[in-house]
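Right, one structure below, let's go through it.
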Amino acid sequence: MATERYNPRAAEPKWQKAWDARKLFETKNDDPRPKYYVLEMFPYPSGRIHIGHVRNYTMGDVVARFRRARGFNVLHPMGWDAFGMPAENAAMQNNVHPKDWTYQNIATMRGQLKTMGLSLDWSREFATCDVDYYHRQQMLFLDFVDKGLVTRKSSKVNWDPVDMTVLANEQVIDGRGWRSGALVEQRELTQWFFKITDYAEDLLVSLDELNEWPEKVRIMQRNWIGRSEGLLIRWELAQGTAPEGESELEVYTTRPDTIFGASFMAVAADHPLAKKAAQNNPALAAFIDDVHHMGTSVATLEAAEKKGMDTGIRVVHPFDPNWTLPVYVANFVLMDYGTGAIFGCPSGDQRDLDFANKYGLPVVPVVMPEGGDAATFQITDEAYVDDGVMINSRFLDGMKPQAAFDEVAKLLADRTVGNRPMAERKVNFRLRDWGISRQRYWGCPIPMIHCEDCGVVPVPRADLPVKLPDDIEFDRPGNPLDRHPTWLNVNCPKCGKAARRETDTMDTFVDSSWYFARFTAPWESEPTDRKAVNEWLPVDQYIGGVEHAILHLLYSRFFTRAMRETGHLDLAEPFKGLFTQGMVVHETYKGPDGWVLPADVKVEEIDGKRQARLIATGEKVEIGSIEKMSKSKKNVVDPDDIIASYGADTARWFMLSDSPPDRDVIWTEAGVEGAHRFVQRVWRLISEAAPALAAIKPQAQGAGDAGAVSRSAHKILKAVGDDIGKLAFNRAVARIYELVNLLQAPVAEITAGKASAEMQGAVREAVDILVAMIAPMTPHLAEECWEALKGSGLVAERAWPDFDPALIVDDQIVYPVQVNGKKRGDLTIARDADQSAVEKAALDLDFVQKALEGKTPRKVIVVPQRIVNVVA
RNA sequence: GCGGACGUGGCGGAACUGGUAGACGCAAGGGACUUAAAAUCCCUCGACCUCCGGUCGUACGGGUUCGAUUCCCGUCGUCCGCACCA
């Protein structure tokens, strides 16, 4: 019987309504079943959903639906990371209010997400720009202030002198402002910080327990926190070279053992010593000014050519009063790390070596590989950074570097400069405090007031929220809050005198550092409902892009600790399981007038060569490299178009097929069509046989052809369950294909009325298993199939089937048989055959006999249930 | 610059803890059905050779092992992050 093709346009909205009507995905906090919290990183409402979102939310939805079927009470919420710069850019460019722009985008994107058929609890939705949300964030901020977790200090920003505004790193292009083109300056501003460094040690050691996180993310965080054990060494400034009032230079080093290899000192451009030296040295002042025009990002600074300038100041070597070294200002020394000053040992550090070679400074090797010859060992272009033995280091010669480290630490601790010890041991972290001040409008206001008499005063809790004013102008650059008189001017809560509000708003990373906690009770008037948050957290499975591997995740870990300290919850680690998914990439197409959208291009294969043409004109288009989808290269695909023409299930299936979820996936038209063919094929397979299948009782079989069907179905069922549990969706997809392929012939037999009763029962059971397995991935199709099979209720409410352990072990096992490590054939033998029986049977095989040519094998290796290797 | 990853057929990938390399899908080629097309179904599909068999083959060069895509050392290439993008 010919059946209708599956029509997702009709079926998908129908089932979405059916799920909604029964409120299947609205989660109750008092549900007694075991909990499971699955969360995808919430989106920034940029305007439209992009295909990366489709991938991210599909994965989360598969996990949510799978866990629900496994009997968990699943929390799967969605919200919006809604503050941030693009809203202000839109305001400036198109004269729309950031608030209107943001909420319109949210409305559009919510509608798009709903067409995907995601099993989300929309009743818990919120946006971080909702007053209700940032009100609670301000409460948290004040609690953090009370606990001493907040501080103010000076920090650098990128300053655009023409637009008179602070620039984000991404707004600085080749050292110039993106709009004005003016050379960017570094400016010092007093800003708000969260004292994340108080938790540096804890954030580091706790990584060890996050064993459901990718190892690479833990390594990245470890390196980011950057714990090192070293020495603070105070070098005395040489008489006559020191600027007035200065007598020493304090450096931090992890390699005090190389102190006899030192040939120069280098300080950051912002180091006090550099500033003093520049006062009567115009060339040095110009150099420092030059460094200040490079922007503030570490990447820019470190990728730049290494440059320095001698200050004329010299320091005295701690172990030789007659040895003095020059002090340079260098552009690669960062004021934020250590003391902003280093001693350079060219032979033991590549950067120092490059610097020394450039400025003609001495290079003395002080560590050489064990067994080397000290008389001839030299360093020219490549520093020696490994372990070894000390040379050219007087009393340290012959020691291992570690012993030399200890020796130097001990000796210098007993000497003094000024009246402090010359050296002390110090654990240092690369991690800096988290600067949360942003000189922007569209963010959570920092609830503080500046009073001339009382200083910085918190906004009283009763006066919260500090709401963003709606009547603002973006006709001028800079922060509109700075020029909003009625908002800006308030009375000091302490003394009542006229005072000013803080006009900085919070980094949007603050918003995303606790949203996962808010989802557990978004209606609560306090930031959290302690019972709910403690029950739901940690998030069992968090899914998002690897680009958040460091900052967002580290900030969230800190925030959770800070919330514990302030009594809002009782745990330290917010995310138990973490999965970082790859990007969606696409070919680029370049026509005569620039980049072209994939939707406007037709790709054909002619004589084995792929060619692209514009659909409209037939003009030839160049096929470019495969790249991350971006608006500038136009290699974007609109999920709306895909869902409109193929349906959500096809898009979902494609996102899960082929590519491992943590790797990039290449979006191709052919791949989407393949996914769509699968959807149609499953529908055809089931719908054609449905009239016959509907009346059959599912019954697994153990023997004969029917037994083979049941065995395969149960093996695949087990594998797919395991794979989804591990988020190995591409493997689960492959297994499901296998089951569909395998069911093709037996289902046809049933349709033709030629199948035995056993076969009918086995196939019906296998079909039920198939429907259950596709349900998390293509939920609408599963419902449609289930309805055709006259199944009761909704698939979305059904339990995941249990496999029968008896059906997944075979009594016969096929051993590959190798001779000298090369496979020569197979051996089929009873599963319970012991090692010697397997060995004997293998040696009796004719291809083994032939390969041995009558000789006795030297060794026979039998790996039970795996392989036989005969070593001749 | 620093840090992290990745590299397997024409393509995406699979291969458990060191145990049959290429599952599954895409593309391609051939055939069936059709007046024709689409859809569907069947077959072939890493390279090479003396082709019912065999040799080589997982970026490249070494090493460990009975056995290496997997472990170790080195080289090359590609991608990502770097604190005010989210």
Side-chain angles (χ1 to χ4, degrees), chain A residues 5 41-44 46 81 83-86 155 157-158 166-172 191 214-217 219-220 222-224 226 296-306 332 336 350-351 354 430-440 507-509 511-512 545-552 554-555 582-583 585 605 608 610 627-628 657-660 662-666 668 670-671 673-675 677-678 680-681 684 722 728 730-731 733-738 741 744 814-826 857-861 863 866-872:
Chain A
R5 275 170 70 81
M41 292 179 184
F42 65 165
Y44 178 78
S46 54
D81 189 13
F83 276 134
M85 288 205 311
S155 163
V157 294
N158 299 306
V166 176
L167 298 177
N169 282 335
E170 69 156 16
Q171 296 174 320
V172 179
Q191 309 207 58
E215 186 56 26
K216 64 170 176 175
V217 173
I219 291 169
M220 280 193 255
R222 241 173 241 134
N223 291 332
W224 188 257
T296 57
S297 93
V298 177
T300 318
L301 294 175
E302 298 212 6
E305 193 195 350
K306 306 289 164 283
F332 62 90
D336 292 316
Q350 193 59 45
R351 223 161 27 172
D354 294 343
R430 207 184 71 99
L431 182 68
R432 310 199 299 253
D433 277 333
W434 174 11
I436 59 154
S437 280
R438 298 291 181 270
Q439 292 70 39
R440 306 189 193 286
D507 179 6
T508 57
F509 272 124
D511 312 337
S512 55
V546 71
E547 66 273 20
H548 293 293
I550 299 172
L551 293 180
H552 162 60
L554 193 62
Y555 291 154
M583 295 182 302
V585 295
E605 191 159 312
R610 297 181 69 242
E627 291 184 51
K628 177 177 175 173
S657 309
D658 292 353
S659 287
D662 54 347
R663 256 195 252 174
D664 290 352
V665 60
I666 303 173
T668 61
E673 276 166 13
R677 267 202 300 277
F678 170 79
Q680 293 296 349
R681 197 170 147 210
R684 206 179 326 114
D722 291 348
N730 57 320
R731 293 196 306 198
V733 162
R735 298 288 87 81
I736 291 173
Y737 269 110
E738 276 178 41
N741 291 343
Q744 210 79 47
V814 179
Y815 279 93
V817 179
Q818 298 181 328
V819 178
N820 291 330
K822 278 193 184 115
K823 193 199 165 189
R824 294 294 143 161
D826 294 311
R858 284 198 297 154
K859 205 172 176 186
V860 180
I861 292 151
V863 184
R866 278 223 189 271
I867 202 165
V868 180
N869 189 13
V870 179
V871 186

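Every chain is numbered from 1 and lettered A, B, ... according to where its sequence line falls, protein lines coming before strand lines.
Residue A/R677 places at least one side-chain N or O under 4.0 Å from the OP1 or OP2 atom of B/rA27. Neither OP1 nor OP2 of B/rA83 sits under 4.0 Å from any side-chain N or O of A/R430. A close approach under 4.0 Å does not occur between any side-chain nitrogen or oxygen of A/N820 and OP1 or OP2 of B/rG67. Contact check, A/S659 against B/rG12: no side-chain N or O comes under 4.0 Å of OP1 or OP2. Listed pair A/R432 / B/rA83 fails the phosphate criterion, with no side-chain N or O lying under 4.0 Å from OP1 or OP2. Dashed line: the shortest gap from a side-chain N or O of A/R735 to OP1 or OP2 of B/rA14 is not under 4.0 Å. The side chain of A/N223 places no N or O atom within less than 4.0 Å of a non-bridging phosphate oxygen (OP1 or OP2) of B/rG81. Between B/rC56 and A/K822, a contact under 4.0 Å exists linking OP1 or OP2 to a side-chain N or O. A/N730 has no side-chain polar atom (N or O) that falls below the 4.0 Å cut-off from OP1 or OP2 of B/rG25.
Among the protein residues, A/P43 comes within range of no part of the nucleic acid, since none of its heavy atoms lies under 4.0 Å from any strand. The residue A/S437 sits close to a base: some heavy atom pair falls under 4.0 Å. Looking at heavy-atom distances under 4.0 Å, A/F509 makes contact with a base. A/G545 comes within 4.0 angstrom of nothing in the nucleic acid, heavy atoms only. Heavy atoms of A/E738 sit under 4.0 angstrom from primed sugar atoms or phosphate atoms, though from no base atom. Using a 4.0 Å heavy-atom cutoff across all strands shown, A/Q439 reaches at least one base atom of the nucleic acid. A/D336 comes within contact range of no nucleotide atom at all, as no heavy-atom separation falls under 4.0 Å. Contacts of A/G84 with the nucleic acid, taken as non-hydrogen atoms under 4.0 Å apart, involve only primed sugar atoms and P, OP1 or OP2. Looking at heavy-atom distances under 4.0 Å, A/V733 makes no contact with the nucleic acid at all. Heavy atoms of A/I861 sit under 4.0 angstrom from at least one base atom.
A distance-only check finds a donor-acceptor pair linking the side chain of A/D664 to the backbone of A/M583 [under 3.5 Å]. For the pair A/K306 (side chain) and A/A304 (backbone), a donor-acceptor distance under 3.5 Å is present. Remark: side-chain polar atoms of A/N869 are paired, donor with acceptor, to backbone N or O of A/G821 under 3.5 angstrom.
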Can you give me the N/O atom pairs linking the protein to nucleotides 72-78 of chain B at distances under 3.5 Å, or say none if there are none?
none

Pairs counted as Watson-Crick or G-U wobble with both distances under 3.5 Å: what dot-bracket string results for RNA chain B, using | for bases tied to another strand? (((((((..(((......[....))).(((((.......))))).((((...))))..(((((..]....))))))))))))....

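Side-chain atoms of A/A299 lie closest to B/rG1 of the nucleotides B/rU20, B/rG1, B/rA86. Across B/rC41, B/rC66, B/rC84, the shortest atom-to-atom separation from the side chain of A/N869 is found for B/rC66. Distances from the side chain of A/Q191 to the nucleotides B/rC26, B/rC84, B/rG19 place B/rC84 closest. In the set B/rA23, B/rU20, B/rC80, B/rU20 carries the atom at the smallest distance from any side-chain atom of A/K823.
Taking for each of A/R440 and A/A304 the nucleotide of RNA chain B with the nearest heavy atom, the 5'-most of the two is the partner of A/A304. Place A/V863 and A/Q744 on RNA chain B by their nearest nucleotides, and A/V863 ends up nearer the 5' end.
When all heavy atoms of A/D826 and A/V814 are compared, the pair lying nearest together is CB-CG1, 3.8 Å. Between A/I736 and A/F678, the closest heavy-atom pair is CG2-CZ, 3.9 Å.
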Would A/L551 and A/W434 count as a side chain to side chain contact (heavy atoms under 4.5 Å, CB included) here? Give the steps. CA-CA 10 Å; A/L551 293 180; A/W434 174 11; over 6 Å; no

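For the pair A/R681/A/Q744, a side-chain contact is recorded, criterion being any heavy-atom separation below 4.5 Å from C-beta on.
Taking A/D511 as the reference, nothing meets the salt bridge (Lys or Arg N to Asp or Glu O under 4.0 Å) condition, with sequence neighbours excluded.
When the P atom is compared between B/rC43 and B/rC48, the two are found 24 Å apart, to the nearest whole Å.
Contact check on A/D336 versus A/R432 returns a salt bridge, with a Lys/Arg side-chain nitrogen under 4.0 Å from an Asp/Glu carboxylate oxygen.
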